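Below is one structure; the comments refer to it alone.
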Amino acid sequence: MGTSFGRGGATTFPADLQGSDCIVIQGSNMAECHPVAFQWVMEAKARGAKVIHVDPRFTRTSAVADLHVPLRAGSDIAFLGGLIHHVLTQGADFREYLVAYTNAPTILREDFADTEDLDGLFSGFDPATRHYDPVTWQYEGMKVAAAAGQRDEEHDDWVRRRARAGHETQRADAMGSHGAVFGGRPERDETLQHPRCVYQVLRRHFSRYTPELVEELCGVPRELFLEVAEAICSNSGRERTTAFVYAVGWTHHTVGVQYIRTAAILQLLLGNIGRPGGGIMALRGHASIQGSTDIPTLFNILPGYIPMPHAHHDQDLAAFIAGDAGDTGYWGNMGAYTVSLLKAWWGDKAQPENDFCFDYLPRLDGPAGTYQTVAGQIDGTVKGYFLVGENPAVGSANAKMQRLGLANLDWLVVRDFSLIESATFWKDGPEIETGELRPEEIGTEVFFLPAAAHTEKDGSFTNTQRLLQWHHKAVEPEGDDRSDLWFYYHLGRRIRDKLAGSADEMDRPILDLTWEYPTEGPLAEPSAEAVLREVNGWGPDGRALGSYTELAADGSTACGCWIYCGCFAGEVNQTARRRPASEQSWVAPEWGWAWPANRRILYNRASADPGGRPWSERKAYVWWDEDQGRWTGHDVPDFEPTKHPGYVPPEGARAEEAIGGADPFIMQADGKGWLYVPSGLVDGPLPTHYEPVESPVPNPLYACQHNPVREGMARPENPYNPSGGAPGSEAFPFVFTTYRLTEHHTAGGMSRWQPYLSELQPEMFCEVSPALAAERGLEPLGWATIVTARTAIEARVLVTDRMAPLKVGGRTIHQVGLPYHWGPNGLVRGDAANELLAVVMDPNVHIQEAKCATCDVIPGRRPRGPALLALVERYRRQAQSPPGGGR
Amino acid sequence: MSRRRQHQMVPEAEVSSYDSYYGRPVLKRPTWSARYIASYLFLGGLAGASALLGAGADLTGRPALRRSGRLVAAAAIAASAVALVEDLGRPERFLNMLRMAKPTSPMSVGSWVLAGFGPSAGLAAASEVGRALPGGLGRLATRAGRGAGLGSALLGPAVATYTAVLLSDTAVPTWHGAYPELPFLFAASSAAAAGGVAAVLTPPGQAGPARRLGVAGAAVELGAGELMSRRLGMAAETLRHGRAGRLNLAARALTGAGGVLTLAAGRRSRAAAATGGALLAAGSACTRFALFEAGVASTEDPRYTVVPQRSRLRAREPGGGIARAREAGPEPTGSHA
Amino acid sequence: MSVSVTTGTNRLAGPLADPAGEAGWEGAPPRVGFFTDTSVCIGCKACEVACKEWNRVPDDGFRFLGHSYDNTGGLSASTWRHVAFVEKPLPDGKGLAWLMSSDVCKHCTHAACLDVCPTGALLRTEFGTVVVQEDVCNGCGYCVPACPYGVIDQRPGDGRAWKCTLCYDRLGQGLEPACAKACPTKSIQFGPLDELRQRARSRLAEVRASGAASARLYGEDPGDGVGGAGAFFLLLDEPEVYGLPPDPVVTTRDLPSMWRRAAVAAGALLAGAAAAFLGAAQ
Amino acid sequence: MGLTGRRQGWPVLAQVRGPDRLGRGAAARSARTARLQPRTASADRVVKSVCPYCAVGCGQEVYVRDGRVVQIEGDPDSPLSRGRLCPKGSASLQLTTGSAREHRVRYRPPHGSDWEDLDLDRALDMIADRVIETRRRTWQEHKQDGTRLRRTMGIASLGGATLDNEENYLMKKLYTALGVVQVENQARI
Ligand SMILES: Nc1nc2c(c(=O)[nH]1)N[C@H]1C(S)=C(S)[C@@H](COP(=O)(O)OP(=O)(O)OC[C@H]3O[C@@H](n4cnc5c(=O)[nH]c(N)nc54)[C@H](O)[C@@H]3O)O[C@H]1N2
Ligand SMILES: Nc1nc2c(c(=O)[nH]1)N[C@H]1C(S)=C(S)[C@@H](COP(=O)(O)OP(=O)(O)OC[C@H]3O[C@@H](n4cnc5c(=O)[nH]c(N)nc54)[C@H](O)[C@@H]3O)O[C@H]1N2
Ligand code: SF4
Ligand code: SF4
Ligand code: SF4
Ligand code: SF4
Ligand code: SF4
Ligand SMILES: [Mo]
């Protein structure tokens, strides 16, 4: 979403869905995974909206939808591409919106070649490195060629490359906040006739995504597909809006980012972005996953999506900012954001003379994501590990690989509520049972520290709609339970005490760090409000800032996360605001605080026409009030409040001044919604259907079977099943998909120990169709063993018509459903689905493909002990999967 | 099997066309244990009717029969009370049975009846010891014994029959469906049991009324049982199958044999009288156990709840509306066309 | 004391506007209850969990039943809300219906459990609801087979009977029952029964209009076998499909007749005994 | 209305005397029932909170009595959730106050076969030592080509999505200052 619209967050909020005319839930099982937000879908339905659920499985969401569309897992780009094809060929796009607000008229370079020309590859592919050089993806008229895909890792002449595009790993867009930046002004053809304008390129790119193809590739009958196409077209335009809802059913793929891109294109074509009842609702996972992305505990970004610097020669702050900041759009102010962050961290030590301590930041020289870390653990380079509220021994793909990593550490700190599997692997992990590991041979020193619960600490969560909400401490934690804030504050204090007096250069950043927080209460709990206030930032007078527009690049302001600037405006904890819903509109602007600047629908300038008038009365949201000379409406305008719709940026304008009065996508350098993404993605400017890495069928569209730049891990612990009819693939004839149940939470740490949740879903099970049960002799309520090249797990059998076999390309494809909540510990136990998955990732955001892989299913329980290894070995031989892994 | 066909009152098609929730019972299985509650039914009946025999014998000058009647009544009612308390989930709260007086609750009514019956039967029994005391004390005991014995005899029939209402006043298809006949069945069964036990314990010379009561009870028990299963409809199946079926079969055989033997030889042979009496009592016990088990079985299979209700609804369909101001009448829940 | 069955006071069956009044509550508040609209239930089981948390009900064991997503099976002494899951092919053969429905005690107008309870542990509250008083129940178990819906049950190990209290403690403070409050889609609606009945009828019309021809109300009719349920439902299929009895009748409807017959039988026994003695005298 | 403890003693008397002849309601009520109060009514405080499970962010009200959480319910004021909670949110009380929580530090020495007790303060100290030692041992000041790295690849961290923003902030700040770059959370998965 970052690449399409400019920011990585959901463009809307769940309660706004109540005003939708049509809601397409695809890649999300909303009723089961976001049940309380689903009330707004039911509300819309009660008001007559059409609710469509596109999902391989018939779920509790499908049960109450008007229409369930079963499709093969991993085929959404084809399905959505089909819808784009339909819109383009039927002329169903919202033309005025399209021309004014998107890059449809923008003209591309002549040397750009599409997947339709190169059989599944875009121009710029280097088979040796398996990377794209995105130079040819640029707009015509861009002054300087973009850097190659590897620029961060390889290039020294960074500073000279002012305007460029490639921004791959740092601009992790599913969670990244913004799109790319560029210099120069692209050429446009507002008639959309130019053969190289984005609109025409789009037409050609999706020309083969016909209803027939959708039927063949996705297994969705034509009529059903057309019913969806009809529904979304007739519910878009001036008077009506359609919303899309997705979650990890889309992101857990090697082409996950491109799934979302496809929906973004569709929604831009239909004019549904920035408008009430429209948008793309990204449903995020944990209580503060959005917050932990905004204030990232992520390797590649700093707070507020400022990229983590890469190792380059002679890179100073100016060069860093020059390289990453755009000239135009709000990213033009990145200097102010970065300097303010450095000031927040290093305070008085950060001075213009020392580049505001920019040099204190560690540098990247390649991906350092969680799966790379695990490989490092197994290889012995990673020695110490903190697990702070995550349970990878159950929750991460290829769980065995995770445990092998844990077992090879020097020390491990686990902070959790109960003794989760990641804390006890040395004692009772599956490898102990098979004899692969023995406790006395595992040298890992394990510290388990009990965590305080949300009722036992102050703090804020940022929810799926980018809304910060404060939770107040209700009681003191018991025993050794402590908040993670306490832990990190006191750990930092202690480390600083121990290092005090060190003259070692490497200790400067930690010793110079601002680390003075007031503490409260008997446990010396650091004040969470004080931390939030630092996140918000302060001005020269030491007073809390009101907005990120006040941030300066001269060191006079400090701000821990610029997009959160304003959450403590007026020295008031805005995240704790709780004006009752009954006293507010559905937008509820006085409940908590949403970034950016408390806006609830992003790009809401697009809810008005270019002249600033609402597209229709029914869909009025934010508009230009000529009398007051400002934007007004139900929400905080996502626009400069007094910028006239007719504003035309003067030549040479910078930052937000370069955004015109009718350009709603203010974070983008050109203020447009991007149908076509010239930079910011490593796997192509347009979405293209590739098969999942483990797929039962060859790619019907291209010779290129998989995402050519997917991120794999060729390691002995991580073998892949042969795919798409390759020799040996018949050993794993079925597709399986993993998912959640309403009654459990993720890896189970917060549900498998709770009797009231556990009794509702007490055992690991697999869902199979009656046909598959008959084919494999599976008894209802009996046991099944599911096998992949990684290992085999057992599950109770739930035979259900909800798992319908699909007809794909003339073949019947059986799908097996596996919830992934169980593990060996807790009140209710079972094998973890993640034992079955291999690690292979989307190259943009490093998210693993958890939603489709191949397997075999046999009746009965799995073998125990070494016999399990023997079974898997037999399969590997049969599948000819190279013992070393490989792809 | 052939018996089942013969008595099948519900067309086969209808049985198979109903739907259920994974075959799970609609009703809850009674939590009562057969050991205690079926015994209690039997013992209560025995006690109630025995008290009648004791009082009758007292009035008609049959001391042996009086003694046995009174002692059996007291012992049986004591044992039945123990069984009842044992079956409580919270036995220490048994006194709560007298917390209220609820005519809508057969168990409440029963509790009050027992509260009257138990002491009087006990007093009557005690008087059998007391009357041996010398002088005024003995006379007092005799007189008190008569009063108590008569009192227990007046309550005896209630003790013997309220249990029928206790079972019937439930949603258990077999029990509720049986309500028109059940009081008669239970009264008769009580008579058979009391007569039988008295015949065992009393010399034949004094036991004439007991034998007559026993034989008459047996006859009515068999007749009422037959009537009941004819009218019960589908739920009658539960009296023919499984444990309940076996018990029911035994009950009929024992009762029949006991009645015939008593009738044929009870007057002449003490051994025959005793055997016949024992058979009658055993038959009565089996009747209670059979009924108990049949009821339980009728809750375990949802068909017995759903099918009759469904056909009842269907029968009502054209008119629509539900049994609006329908008067109470002998239309058991389980009966249908 | 007049005990007539369907008319007058102290009724045992038939329509009854004010069960609380009949139970001796003077100036009672309006009768409250539940309308459970299963057409919007998403089977999340929040109602089950919220009920347990509020009422501190113990867990009901960890058994995989595999009845679709139902692993608690039915209402029990330790499950006072139960969500049923029914998977059925659609009549047109195209596609599937997955019906979910949250069941609960019906708080019958004529509650057999209550009327058969010998101890008065079962109570009609001033709100017209039916609750077990845990300090009174002696675990006689009578209420269990009396309930025509199979709701109330004895808890093993505890011995007492338990079921939904309609959150009696909360009602007193003007709070909504825990299950209704939690329900994300307001499939469970709580309120004055009259209001709920009206709302249910218009909702039924809506659901029918949207094409669900087999939608029906269950338990809302005061003329039904239990005099109307205090907790009634909008179902999308036959009741038995959800494990509900299609036409429950309160057993006490027949109680007067039972007593009459018992009296006759008792008389017969007395007479029979007399005859046995008199016969001997002749 | 006369609903409160008017009646003492034997309920049968109340049955006979009062309007509840059949003993169904008023007469049957026990003294305990008459005193019944929701436990929320006796709470000392109601604290506004947010569900800790998923990203919907439903509002919660936490009822506290005598320093213990006695009930957690949906916050009707929340425009996100309108007082509703899913089963997980509804199980928050069990999550926070249930017996499954481990309240003591557990320590497993290298090659150990079981958990041992460890003082929290000592644990913190040991961890600080491990961090300092590992960091020093695995420090990378420069790449081979001479570009500056200033980091350690010897330490990594995973988790954050269940934590507060403030916690994530301190983590990121401390790790970055320590030169720890392998900081990750659930956003990847
Ligand atoms: N009850 C509950 N709620 C939760 C969680 C939980 O564990 N339990 N976890 C939270 C977290 S961390 C997250 S990330 C969210 C996730 O929320 P969701 O994404 O809704 O959860 P999933 O069940 O993993 O996957 C959603 C659906 O994607 C479908 N799917 C799989 N492959 C494909 C595909 O290729 N195309 C399409 N269109 N659909 C596909 C699956 O069948 C499944 O129904 O939920 C959050 N909420
Ligand atoms: N096969 C397959 N695998 C998947 C997925 C899938 O769909 N399929 N989904 C993926 C997704 S989207 C996610 S988000 C992950 C989730 O995977 P994990 O995050 O590993 O799973 P959780 O069980 O949520 O682990 C979070 C832990 O944090 C603890 N915790 C909660 N609050 C606190 C706190 O305040 N402090 C501390 N220190 N600990 C706390 C909880 O007790 C729990 O053990 O699983 C991923 N894995
Ligand atoms: S449903 Fe059963 S338990 Fe509930 S009130 Fe009616 S009879 Fe009593
Ligand atoms: S078990 Fe308890 S509630 Fe049920 S009837 Fe007996 S005393 Fe009443
Ligand atoms: S009303 Fe209260 S007791 Fe009854 S089911 Fe709902 S939460 Fe449970
Ligand atoms: S809480 Fe509501 S939606 Fe969820 S299962 Fe219960 S009734 Fe259905
Ligand atoms: S109550 Fe349920 S939907 Fe709401 S935040 Fe908690 S887990 Fe998410
Ligand atoms: Mo997630």
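Reminder, nothing fancy here: chain letters follow the sequence lines and each chain counts from 1. Since this is a predicted model, take the numbers as computed values, not measurements. Side-chain atoms are counted along with the backbone in the values below, which use heavy atoms only and exclude waters and symmetry mates.
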For B/W175 and C/T251, run side-chain contact (heavy atoms from CB on, under 4.5 Å): C-alpha distance rounded to whole Å, both residues' side-chain angles, the deciding distance at 0.1 Å, then the answer.
CA-CA 10 Å; B/W175 294 347; C/T251 179; over 6 Å; no
Test C/N138 against B/M97 for side-chain contact (heavy atoms from CB on, under 4.5 Å), laying out the working first.
CA-CA 8 Å; C/N138 67 6; B/M97 286 296 189; 3.7 Å; yes
Interatomic distance, OG1@B/T31 vs OH@C/Y142, rounded to 0.5 Å, equals 12.5 Å
Picking from B/V220, B/T161, B/L65, which has the most non-hydrogen pairs under 4.5 angstrom with chain C?
B/T161
Interchain contact, B/F186 with chain C, by part (heavy-atom threshold 4.5 Å)
neither
Below 4.5 Å from any heavy atom of chain C, which atoms of B/A216 appear? Answer side chain, backbone, both or neither.
neither
Rounded to the nearest 0.5 angstrom, the CG-CG distance for B/L313 and C/D247 is 4.0 Å
If we define contacts as heavy-atom pairs under 4.5 Å, which of C/S68, C/P156, C/A268, C/C113 has the most with chain B?
C/S68
For the residue pair B/P157 and C/A266, what are the closest heavy atoms and their distance?
CB-O, 3.4 Å
Contact part of C/Y242 toward chain B, heavy-atom cut-off under 4.5 Å: side chain, backbone, both or neither?
backbone
Given B/L27, B/V165, B/L213, the one with more heavy-atom pairs under 4.5 angstrom with chain C than any other is B/V165
Winner by heavy-atom pair count (cut-off under 4.5 Å) against chain C, out of B/S168, B/A188, B/A164:
B/S168
What part of C/A84 is in contact with chain B, defined as an atom under 4.5 angstrom from a non-hydrogen atom: side chain, backbone, both or neither?
both
Spacing of B/R99 atom CZ and C/C117 atom SG [to the nearest 0.5 Å]
8.5 Å
Should the heavy atoms of other residues, nucleotides or ligands under 6.0 Å from CZ of C/F64 be counted, would the total exceed 12?
yes
Once you round to the nearest 0.5 Å, how far does SG of C/C140 lie from CZ of B/R93?
12.0 Å
Between OH of B/Y22 and CD of C/E87, what distance do you get to the nearest 0.5 Å?
5.5 Å
Evaluate the criterion side-chain contact (heavy atoms from CB on, under 4.5 Å) for residue pair B/H176 and C/V249; output intermediate values, then yes/no.
CA-CA 11 Å; B/H176 185 93; C/V249 174; over 6 Å; no
Any chance CZ of C/R63 has more than 12 other-residue heavy atoms, nucleotides or ligands included, within less than 6.0 Å?
yes
With respect to chain B, which residue among C/G73, C/P118, C/G159, C/G272 yields the maximal number of heavy-atom pairs within a distance under 4.5 Å?
C/P118
Honestly, the part of B/A153 sitting under 4.5 Å from a heavy atom of chain C is backbone
Please tell me whether B/Y21 and C/D70 have a donor and an acceptor in their side chains that are separated by less than 3.5 angstrom.
yes
Let's test your reading of the structure: which of C/P246, C/C137, C/A262 forms the most heavy-atom pairs below 4.5 Å with chain B?
C/P246
Could you tell me if the side chain of C/T119 sits less than 4.5 Å from the side chain of B/K102, heavy atoms only?
no
Is B/T299 close to chain C through its backbone or its side chain, or both, or neither, when contacts mean heavy atoms under 4.5 Å?
neither
Counting heavy-atom pairs closer than 4.5 Å to chain C, which one of B/A57, B/A210, B/A158, B/A49 comes out on top?
B/A57
Which portion of C/L114 sits near chain B, non-hydrogen atoms under 4.5 angstrom
both
Work out which heavy atom in C/P145 is nearest to a heavy atom in B/W32; give both atom names and the distance.
CG-CH2, 4.1 Å
Structural part of C/D237 lying under 4.5 Å from a heavy atom of chain B:
neither
When you measure from the side chain of B/R90 to the backbone N and O of C/G139, does any donor-acceptor pair fall under 3.5 Å?
no
Where does C/V151 contact chain B at under 4.5 Å (heavy atoms): side chain, backbone, both or neither?
backbone
What part of C/C147 lies closer than 4.5 angstrom to a heavy atom of chain B: side chain, backbone, both or neither?
backbone
Within the side chain of B/K28, is there an N or O that forms a donor-acceptor pair under 3.5 Å with the backbone of C/L75?
yes
Checking B/V296 against chain C: side chain, backbone, both or neither under 4.5 Å from a heavy atom?
neither
Using 0.5 Å steps for rounding, measure from the CG atom of B/D169 to the CE atom of C/M258.
5.0 Å
Looking at C/Q154, C/R155, C/E238, which makes the most heavy-atom pairs under 4.5 Å with chain B?
C/Q154
Residue B/L53 versus chain C: region with a heavy atom under 4.5 Å:
both
What option among C/V116, C/L244, C/D158, C/D115 has the most heavy-atom pairs under 4.5 Å with chain B?
C/D115
Given the options C/L270, C/I152, C/L65, C/V136, which has more heavy-atom pairs under 4.5 Å with chain B than any of the others?
C/V136
Part of B/L166 within contact of chain C (heavy atom distance under 4.5 Å):
both
Whatever's closer than 4.5 Å to a heavy atom in chain C on B/R211 counts as neither
What one should report as the nearest heavy-atom pair of B/A191 and C/L269 is CB-CD1, 3.7 Å
side-chain contact (heavy atoms from CB on, under 4.5 Å) assessment of B/Q309 paired with C/E240
CA-CA 10 Å; B/Q309 294 190 14; C/E240 55 268 32; over 6 Å; no
Would you check if C/C143 and B/M107 make a side-chain contact, meaning some heavy-atom pair closer than 4.5 Å?
no
Among B/G56, B/A187, B/G217, who wins on heavy-atom pairs under 4.5 Å with chain C?
B/G56
So, for C/W259 and B/P103, which heavy atoms are closest and what is the spacing to 0.1 Å?
NE1-O, 3.1 Å
Counting heavy-atom pairs under 4.5 Å with chain C, which one of B/V109, B/L167, B/L185, B/L154 comes out on top?
B/V109
